[in-house]
There are 2 protein chains.
Amino acid sequence: MSSPSRPPKIHDVAKRAGVSVATVSRVFSNPDIVSEKSRKAVEKAVLETGYTLNVLGRNLRQSQVGAVLALVPNLANPFFSEILAGISEVLRDAGLNLLVLDTRQVDRSSPTHGLRNYLNRSHADGIIVLDGSLDPALFQSPACPPVVQACEWNEGVPGARVLADNAEGARLAVAHLLALGHRRILHLAGPRQNSLSVSRAEGVAAALSCEGLEPVAVIEGAFTLRSGREAAAAVIAARPTAVFCDNDEMAIGLMAGLAEAGLSVPGDISLVGFDNIEMAAYAPVPLTTVRQRRAVLGQEAARLLLSQRDGDPSETRVLPVELCIRQSARPV
Amino acid sequence: MSSPSRPPKIHDVAKRAGVSVATVSRVFSNPDIVSEKSRKAVEKAVLETGYTLNVLGRNLRQSQVGAVLALVPNLANPFFSEILAGISEVLRDAGLNLLVLDTRQVDRSSPTHGLRNYLNRSHADGIIVLDGSLDPALFQSPACPPVVQACEWNEGVPGARVLADNAEGARLAVAHLLALGHRRILHLAGPRQNSLSVSRAEGVAAALSCEGLEPVAVIEGAFTLRSGREAAAAVIAARPTAVFCDNDEMAIGLMAGLAEAGLSVPGDISLVGFDNIEMAAYAPVPLTTVRQRRAVLGQEAARLLLSQRDGDPSETRVLPVELCIRQSARPV
DNA sequence: TTGTAGGCGTTATCAA
DNA sequence: TTGATAACGCCTACAA
């Protein structure tokens, strides 16, 4: 309990407890194989010296970092926080820490200071990629630890993937609109290259083709409130009776844009979103949307990473989605 | 470029380049002090071997982790994501990584496996605490790295603090309501022990006391949409003409609750929030609120931590706030 | 069940 | 400007 100038090392504890450093080490890593007597002595000495394990030494010796890196396209975007919470939860139970890197904030290509430096076994024991726009070559180096892609994905990146059933979600949403009698349906999509946008467009096409239809228009947004609002003029010009939006934020933004133009939802135009963010139920008109369980998605990603690290083959998990009917879509 | 079974070490590079390991090390940490000739040779050997620096070795040698830990009360809460983005940005420029820990997910007291184990120089080079409810004793150990508190705070925790001017924000909000002629003002507050709630209550009191008034009631919420909605009945019972809410989520939740009860905002009741989350402008009635710049708050916290680490004295920064007038509050 | 001793990969000191 | 070498703190054969 004294306040030593130098933090106590495993050696100090050993001396004080009258045992060897190996025994002290074992008390920390595998207590069951040391005798009760030695263990008690060590525990007492630990308390007396205020010793805490120096993780740096252990990590070097074991060639492991004790942390997993999550690559997020935009850390300020609340969409990802719930996924991160799910990841964090599973990692914690496995004794691993969560490192977070915002891919916008880091040079994607520089060989010396860029992202490449992080994709290294000495930086993280594994990587969870939430950004589908990164160069797959980054992950193909033999120095790169196990990788799992979650939510967005990219062909060419090795390892397991965990995704919501995006196509099915979009199909459900559009089928719902069709069942309500809508025929002029517009798709307010995400960025064109984005893997989510692509899958959801497939679902839209699948649903519409049953009726021999196509979207009256596809407008490209940026998954943001603002881009939804700004799409209002183009949406109105296409005269749809209903709009399927690739996420809730664009749907809520569009709601505002339509209101500014004097159009009512769902009176003039029906709206369906995607994600079921918490705010969807509190939008000006409670939003009908597709629920995807973001915490579960994060948990699954972490679990896949752990089993991949343990040598299990990488599989791909597709998580079910479901339609959440509220008040923003009604019969034509 | 070959694919060695064992990752190349600094030794391999040195041999290949015909120099000593010390020189190779210097090329990485301080290139200017090595001759052009040696440097070129090393760079060539690095490329040929595919060598990447093993951070574990460096960290042990330098007794540093290369990462800062952020303690977040609830990682799934979008309020914190923008703060984290600000933190991450500044850390990155300083060559530090961001570790995130959800304090809900971790045992707060267990001496062997709890939070205490993380507050250790071998785990992180510094700590940014966004949770005001943690036991201050945790941070008082000599083994604990530098600490900065941000947003919420706790007397007894050492180190710098960075806060929004919560009292002033609340004062501005209530003064605005008073100027609109409101006299029956209710305070929908956060949890009673929360430091934010306390400061904001002071601001409310300060503004009201100028008119010799007090809140018609103080209702305790949980900073969530749901708690705002659930407060509606109690709010209505107190018959205020205006409500100041400790955050935007509760204000938007309350808006929904009031609408369900057939009351209109701002027709029947005026509302002011706090935070200016992005959704505030897209609420059923665009929300008048107090803007606090969360990204800047995170940046400042990280900067304070860095300067504290470099031995500068710890100061406390109070960040300005400003009133954002929209449409949820109007004259009585 | 315990102890001894070598090594994980790097950097910093010191001398050349 | 460079090289040899001793740490950094811990874990784990291996031997006792």
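Excluded from the calculations below are hydrogen atoms, water molecules and symmetry mates; all remaining heavy atoms, backbone and side chain alike, are included. In what follows, chains carry the letters A, B, and so on, assigned in the order in which the sequence lines appear, proteins first and then strands, with residues in each chain numbered from 1.
Inter-residue side-chain proximity for B:L119 and B:V129 is flagged as unmet; no heavy-atom pair is nearer than 4.5 Å. A 4.5 Å side-chain heavy-atom check between B:V296 and B:L319 finds at least one atom pair inside the cut-off.
Closest contact between the side chain of B:I10 and the listed nucleotides C:dT11, D:dC10, C:dA12 involves C:dT11. Nearest nucleotide to the side chain of B:R58, out of C:dA5, C:dT11, D:dA4: C:dT11. Of the candidates C:dG9, D:dG3, C:dT11, D:dG3 carries the atom nearest the B:V19 side chain, counting heavy atoms from C-beta on.
Around atom CZ of A:R293, no more than 12 heavy atoms belonging to other residues, nucleotides or ligands sit under 6.0 Å away.
In this structure, A:E89 does not pair ionically with A:R303, as no charged nitrogen and carboxylate oxygen lie closer than 4.0 Å. A salt bridge links B:D12 with B:R6: the closest approach of a Lys/Arg side-chain nitrogen to an acidic carboxylate oxygen falls below 4.0 angstrom.
Counting non-hydrogen atoms under 4.0 angstrom, A:L56 reaches nothing in the nucleic acid.
C:dG7 atom P lies 13 Å from atom NE2 of B:H11, rounded to whole Å. In this structure, A:N54 atom CG and D:dC10 atom C1' are separated by 8 Å, rounded to whole Å. For B:R6 and C:dG9, the CZ to C1' distance is 11 Å, given to the nearest whole Å. The CG atom of A:D12 sits 13 Å away from the C1' atom of D:dC10 (whole-angstrom rounding). Going from atom NZ of A:K15 over to atom C1' of C:dT2 covers 19 Å, rounded to whole Å. Atom CZ in B:R121 sits about 13 Å away from atom P in D:dG9, given to the nearest Å. Rounding to whole angstrom units, CD of residue A:Q64 and C1' of D:dT12 are separated by 14 Å.
Sorted by first and then second residue, the pairs that involve residues 26-35 of chain A and meet side-chain hydrogen bond (donor to acceptor under 3.5 Å, both in side chains), not counting sequence neighbours, are A:S35-A:S38.
For DNA chain C, the residues of residues 36-45 of chain A within the heavy-atom distance limit of 4.0 Å (strictly under) are A:S38, sorted by number. DNA chain D lies under 4.0 Å from at least one heavy atom of each of the following residues of residues 24-32 of chain B: B:R26.
Two residues, B:I33 and B:L60, neighbour DNA chain D, and the one matched to the more 5' nucleotide by heavy-atom proximity is B:I33. DNA chain D is contacted by both B:R61 and B:G18; B:G18 maps to the nucleotide lying nearer its 5′ end (nearest heavy atom per residue).
Between the side chain of B:D102 and the backbone N or O of B:L75, at least one donor-acceptor pair lies under 3.5 Å.
Judged as a side-chain hydrogen bond (donor to acceptor under 3.5 Å, both in side chains), and not counting sequence neighbours, A:S81 has no contacts. Remark: A:N74 engages A:R104 in a side-chain hydrogen bond (donor to acceptor under 3.5 Å, both in side chains) (not counting sequence neighbours).
Taking 4.0 angstrom as the limit, B:T23 places none of its side-chain polar atoms (N or O) nearer than this to OP1 or OP2 of D:dT1. Taking 4.0 angstrom as the limit, A:S35 places a side-chain polar atom (N or O) nearer than this to OP1 or OP2 of C:dT2. A:Q62 has no side-chain polar atom (N or O) that falls below the 4.0 Å cut-off from OP1 or OP2 of C:dC8.
Axis angle, first five pairs versus last five pairs of the helix from C:dT1-D:dA16 to C:dA16-D:dT1: 30°, rounded to 10°.
Across all non-hydrogen atoms, the minimal contact from A:S122 to B:V55 is OG-N, 3.0 Å.
For the residue pair B:E152/B:N194, the side-chain donor-acceptor check at 3.5 Å is satisfied.
Relative orientation of the B:Y51 and B:F28 rings is perpendicular, given thresholds of 30° and 60° on the angle between their planes.
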